[in-house]
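All values below come from the heavy atoms of this structure, side chains included, with hydrogens, waters and symmetry mates left out.
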Amino acid sequence: MGYFASSLAFCLRKEYAPSLLEDIRLLIFMKYNYRLFLFWLSALGLGCPLLQAGASDFQDRLFNDMMIVDYWNKRISERLPVTYNHLLQGGYFNMPSARMGSEGEVGAGFSWVPPYHNYNLRCQFTDRLEVSGNYRVFRGVDDPVLTPLGFGDLSDKGANFKLSLFQAEDSDYTLPGIAIGFEDFMGTRSFKAQYAVITQVLLDYHLEASLGYGGGRIHGFFGGVSLMPFRRCQSALLKGISIAAEYDAIPYHDPELEKHPKGREKKSPINFGVKYRLWDMFDFSASYVRGKAWAFSTSVYYNLGTTKGFLPKIDKPLPYQSPVNIEPLGWRRPEDAMVQDLLYAMRVQGFDLLEASLFYTECAEKSLRLKVYNTFYRSESEVRERIVNLLACLVPNDIDRVIVVIEDEGFPIQEYRFHMEYLRAYAEQTIGPHELCILSPLCEVSFPGPCTEQLLFKHRRDLWNFEVLPKTHTFFGSSRGKFKYALGVNAGLNGYIFDDLFYSIRLGYIAFSDLEHLRGVDRLNPSQLPNVRTDIVRYYNQPGVTVDEGYLQKNWNLGKGWYTRAALGYFEEEYAGLASEILYYPLHHNWAIGIEGAAFKKRNYKGLGFTDKVRQYHGFIPFHRKFNFSQYFLDLYYTWPEAQLDFKAMIGKFLADDYGVRYEIARYFPSGLKISIWYTVTNGHDRINGSNYYDKGIAFSLPMDIFYTYSDRSRWSYGMSAWLRDVGVTAETGMKLYDLIREQRNY
C-alpha cells in the first residue's frame, strides 16, 4: 500500500483535480494508521516477524511520505504573485490585467511616468473588488488660477475600480480570469476609461498574459505579458524579479484624451521593463514607455484585513481552565466568596463584573444573574467561549441557571441564558461548543422585577478613564499647496456618572500644521450653500489647547429589540447641541431601522461660545445670515454576514437644509479593520466646474490592538471626502446606537 500511494502521488500533475489529491492524502493517512497498528503489535510482543518488518518499513518511509504530502500541499496552494501598474491596479505598466490582490490588502505608492507624478492608494475591498485612487501632478503645467498663489503644477484627482467576474485562481489557473474596470469614474473624469480584460496564468511557466478591449482613454485592444523566470529559485533576492511588456492602447496624440502637451508623443505602443518584489511587501519597477521615456514606480502593501497583529498576543490570557471550584453555596462557600471567585477570574479574562444577583424562576430553579462589561474582545464568539469556560469552572453545582447580561456604554444589549446541566456536560466534554451554542442561544435582555432578586454584588462603573489618540486633519488641493495637514494629539477623559450616564471630554493640541494660509473657501467654485462645513479650517487653526468634545449621553434598552438614546453637549469642534435617536434592532436579524434628529448651535471659531449666524456666498461675495442648524433622518441598515458587508441609507434633512439620501457600504475584515465608502444625493445643487457635486468619500476604522501584545476594543478612525463642500453634510451627535450594538453582535 505504501508503494502504491507514493508512486501515485509522484505521477500526478497539476491538471488533476484537487479532490484526487485529497484521496491521496487519505490513502497515506490510512497507510500510517495501518503501520502504527503493526508497530504496536510488535512492541507488545504479539506480532510475527512479518509485522515487525512492517513496523521497520514504516520508520524508513515515514519521512519520504511526509515530503510527498508537503509537496502537494504547496502545489495546491501555489499562486503566481500579482504585479501592479503605475496607477497601483493589478496590471503591467500603463495597462491593467484581470488579476488583483488578496482580500483586505491595502497599498500606497508613487510613480514617475513622464510627464506625470502619480500618488496612489489601493484597497482590496472584497476578493473581487479592487478600489484605487490617484493624484496626478502635471509636471511643468501651471494651474491658470492657483499656481500664482503657490499651488504648484496643475493636478487632478481620480478614482478607479475593477470588478472580477471570474478569477484565474478559481479554477486553479486552468481557466483565464475575467474582469471589467472603470478608471477615473468620478470627479473631473479627465482620464476616464472603461475596459474588459482576460488574463491567463501559466503557473508551470511562471507566466501570465492578458488581452483586453477598452473605451475612452484606453482605446481599442490592449495586452500584456509578465514572466517571473526565477520564481522557484532558492535565492530570495532573485525570485522577486519579473520581466513584463505590454501593448499600450492609449491614443496619446488625442488632446481630448491626453491632457499634458508633453505627453502626446508616442514612438512605439510597446512598453517594457523590469519589476522587483522585496520581502512580499515592497514593489519596484523600471520601464521604457511610449518608446520615448523611462518610468519608475515604488509601492508598499500590507494585508491589514487578515493580519493577526504586528506583535504576538503574548499578554492575551488563555481561556479559563483552573482552579475549578463548583462547591455549592453554603457555609463552606458563602455567596460573597463565589462573587470574589467570579470577579477576579473575569477581570483576568477581560471582563468587568458589574452586578451579581440570585433569584428563583417560576419553576423554582435557583438562578444566578451576572451583568458583565466586555473590555477586550471584538468577536461575540470569543466572548461566549470565555464566559462559558468561566461559568463551567466556577458556578456552584446547586445553581440551575445562569443569565449573563452583556452591557456596553451604560445599557444592556443582549444576554446568554445557560442551563447548568448543559454547561456541566460541556465541561465533561460530552457535548461540544456547537451543541452548547444551540442549546444556549443569545437572547433579548430580560428585565426582572426589583423585588424578585437578591442582590449579591454591585460594582460602580469607572468614574473616569484616560486615553490618548492621534489627531489628524488633511486637505488636498489648497490654493497654497497640493497637500495640507495638521497633526497633533487628542487627550480624552470619559466615564460614567450614576453608573449609566456616559460623559466624554476630549482636548486637542496641534503640534505640526501648515493650515495657516487656508481660507476655508474654494477660490474657483465657492459653495453657494450655507457654509456649514467649508469653514472648518478656521476651527482647526485655533492655537493652543482646544476643547474638541464634551458631551453627556444616556442609552436605554426598552426591550424586545427597541433602543433609544439622548445626548447633549459639544459633539465636535464646530457644533454643540441636543440629539436623540430611537432604533429597532431585533436579535438574530440582519436588519435594523431607526429615527434620529438633532438641533445644533454653531461654535465660535475660538473658545466655547456660540453664534447663530452662518457664512454664505452669493457668487464670490460673502455675507452672513441667521440660520437654524438641524438634521433628522430615517436610518435603514442591513448586514450581509456571508460577505461581511454592512449597508446603510440615511433619508432626510442634512445640515445645510438640503434633502436627500446618503448611501454607505462598510466592509468588516477578520482583523477588525473596517473600510467604508459613501455617496450622497441631495437637492442641494452644489456646482463644481459647471456640474452638480454629490458628497462622496472613504473612511477606515483601525483596531489599535494590532499594535499591542493583548486584545483591545479601542479604534482609530479616519475619513475623507472627495471635496470639502457643504452639500450632504452631517454633524456628529455622539455614539450611534447601531454601531454600539453591531460591535457586540459581531458573530
Side-chain angles (χ1 to χ4, degrees), residues 81-101 105-125 129-139 154-164 179-197 199 210 212 214-219 222-224 226 242 244-252 257-260 263 266 269 271-273 275 277 282-290 293-301 476 482 698 722:
V82 181
T83 58
Y84 299 95
N85 64 16
H86 292 142
L87 298 180
L88 212 56
Q89 305 174 60
Y92 305 100
F93 300 111
N94 291 336
M95 296 294 103
S97 72
R99 305 192 67 207
M100 52 186 62
E105 198 172 271
V106 177
F110 168 80
S111 62
W112 162 228
V113 188
Y116 299 101
H117 281 176
N118 299 320
Y119 299 88
N120 309 307
L121 290 173
R122 173 177 60 86
C123 172
Q124 194 65 40
F125 197 70
L129 178 60
E130 177 187 75
V131 180
S132 60
N134 316 114
Y135 191 72
R136 286 182 173 91
V137 179
F138 294 63
R139 299 294 295 167
L154 183 69
S155 64
D156 182 81
K157 291 178 288 188
N160 327 292
F161 75 87
K162 180 166 61 177
L163 180 65
S164 173
I180 58 174
F182 296 84
E183 295 186 359
D184 202 11
F185 67 92
M186 65 171 60
T188 61
R189 305 187 66 191
S190 299
F191 297 85
K192 64 180 179 181
Q194 314 85 37
Y195 61 86
V197 60
T199 300
S210 297
R217 182 172 169 85
I218 300 177
H219 191 73
F222 65 91
S226 175
S242 62
E246 66 181 8
Y247 180 84
D248 192 340
I250 299 175
Y252 293 97
L257 299 177
E258 176 49 58
K259 305 299 182 180
H260 200 299
K266 180 171 73 172
N271 303 329
F272 59 89
K275 292 178 174 287
R277 174 161 297 182
F282 299 95
D283 273 346
F284 307 92
S285 79
S287 57
Y288 195 65
V289 297
R290 308 197 319 270
W294 284 96
F296 304 92
S297 71
T298 180
S299 64
V300 60
Y301 63 94
F476 288 90
K482 292 179 173 54
I698 187 169

- Message: Donor-acceptor check, side chain of Ser287 to backbone of Gly273, threshold 3.5 angstrom: yes or no?
- Response: no
- request: Could you check if a side-chain atom of Met100 sits within less than 4.5 angstrom of a side-chain atom of Ser164, using non-hydrogen atoms only?
  value: yes
For Val197 and Pro96 the tightest heavy-atom approach is CG2-O, 4.0 Å
With sequence neighbours left out, the residues meeting side chain to side chain donor-acceptor pair (under 3.5 Å) with Ser242 are none
So salt bridge (Lys or Arg N to Asp or Glu O under 4.0 Å) across residues 105-122, not counting sequence neighbours, yields Glu105-Arg122
Notebook entry, point to check: Without hydrogens or angle criteria, can the side chains of Tyr92 and Ser226 be said to hold a donor-acceptor pair below 3.5 Å?
Noted result: no
When every non-hydrogen atom of Pro115 is compared with those of Arg290, the smallest separation belongs to CD-NH1, 4.4 Å
Taking every heavy atom of Lys162 against every heavy atom of Ala179, the minimum-distance pair comes out as CG-CB, 4.0 Å
Ser132 and Leu88 have their tightest heavy-atom pair at CB-O, 4.4 Å
Give the ring-plane orientation class for Phe110 versus His117, where under 30° counts as parallel, over 60° as perpendicular and anything between as tilted.
perpendicular
Side chain to side chain donor-acceptor pair (under 3.5 Å) filter on Glu183, not counting sequence neighbours, yields Gln89
Query raised in the report: Do Tyr247 and Phe222 have their ring centres less than 6.0 Å from each other?
Result: no
So do the side chains of Asp283 and Lys275 get within less than 4.5 Å of each other, counting heavy atoms only? no
Asp156 and Ser190 have their tightest heavy-atom pair at OD1-OG, 3.9 Å
Using only atom types and a distance under 3.5 Å, with no angle test, would you say the side chain of Asn85 pairs donor to acceptor with the backbone of Gly91?
no
- Between His86 and Ser285, is any pair of side-chain heavy atoms under 4.5 Å apart? yes
Margin query: Measuring only between side-chain heavy atoms, which start at C-beta, is Glu130 closer than 4.5 Å to Tyr84?
Written below: yes
- Message: Evaluate Ile180 against Gln194 for side-chain contact (heavy atoms from CB on, under 4.5 Å), listing each step before the verdict.
- Response: CA-CA 8 Å; Ile180 58 174; Gln194 314 85 37; over 6 Å; no
Check your understanding: Does the Lys192 side chain pair with the main chain of Gly216, one donor and one acceptor, at a distance under 3.5 Å?
Key -> no
Heavy atoms of Glu258 and Tyr252 approach each other most closely as CB-O, 3.3 Å
Residues passing the ring pair (Phe, Tyr, Trp, His ring centres under 6.0 Å) test with Phe185, sequence neighbours excluded, are Phe161
In this structure, CG of Leu121 is separated from CG of Asn160 (nearest 0.5 Å) by 11.0 Å
His219 meets the ring pair (Phe, Tyr, Trp, His ring centres under 6.0 Å) criterion, sequence neighbours left out, with none
- Donor on one side chain, acceptor on other, Asn134 and Asn118, under 3.5 Å: no
Only one of Trp294, Phe296, Phe93 passes ring-ring contact (aromatic ring centres under 6.0 Å, His included) with Tyr288, and that residue is Trp294
Those residues at least two apart in sequence (or on a different chain) that pass side chain to side chain donor-acceptor pair (under 3.5 Å) with Arg136 are none
Less than 4.5 Å apart, any side-chain heavy atom of Arg139 and any of Trp112? yes
Classify the ring geometry of Tyr116 against His260: parallel below 30°, tilted from 30° to 60°, perpendicular beyond 60°. perpendicular
